[in-house]
Amino acid sequence: MAADLRHRCEALPADSELRPLTRVVLREAVDRLSTGPAATVARVQSRARLIQALYRALDRFDTAQQPTPAT
């Protein structure tokens, strides 16, 4: 999931407002995933929050790419 998000971030225009937010989420993902296996409840919860953050970031991409309905 992080790889998909990274790929989408790299495809954004340089002035996109999603780019800085996405980079923060990706940096956090690298930090959390580099700690090794999730062996405690706190680490499992941390990984769950990471997954939620990644999904929220992907949802922002999907929302930003949807065309505006005609009125």
Side-chain angles (χ1 to χ4, degrees):
M1 191 172 10
D4 183 31
L5 185 58
R6 185 175 293 107
H7 178 70
R8 289 184 182 199
C9 181
E10 291 170 359
L12 287 171
D15 61 345
S16 172
E17 63 186 39
L18 286 176
R19 196 176 266 254
L21 176 62
T22 303
R23 286 187 175 157
V24 168
V25 171
L26 288 169
R27 200 172 17 242
E28 187 174 328
V30 169
D31 290 345
R32 288 188 189 179
L33 293 174
S34 67
T35 61
T40 65
V41 171
R43 290 176 84 180
V44 170
Q45 289 172 333
S46 176
R47 296 264 171 103
R49 286 189 295 273
L50 169 62
I51 291 168
Q52 290 172 334
L54 290 170
Y55 273 120
R56 279 192 302 270
L58 285 172
D59 287 344
R60 284 186 195 101
F61 275 98
D62 292 340
T63 301
Q65 291 176 348
Q66 291 177 356
T68 307
T71 55

Trainee: Going from CG on Leu5 to CZ on Arg60, what distance comes out if it is rounded to the nearest 0.5 angstrom?
Mentor: 10.0 Å
Trainee: Nearest 0.5 Å, please: how far is CG in Leu54 from CZ in Arg6?
Mentor: 9.5 Å
Trainee: What pairs of donor and acceptor atoms, side-chain ones from residues 18-28 against any protein atom, are under 3.5 angstrom apart with sequence neighbours left out?
Mentor:
from, atom 1, to, atom 2, distance (Å)
Arg19, NE, Pro13, O, 3.4
Arg19, NH2, Cys9, O, 3.3
Arg19, NH2, Glu10, O, 3.4
Arg19, NH2, Leu12, O, 2.5
Thr22, OG1, Leu18, O, 2.7
Glu28, OE2, Arg32, NE, 3.3
Glu28, OE2, Arg32, NH2, 2.5

Trainee: Please list, chain by chain and in numerical order, all residues satisfying salt bridge (charged side-chain N to carboxylate O under 4.0 Å, His left out) with Asp31, sequence neighbours excluded.
Mentor: none
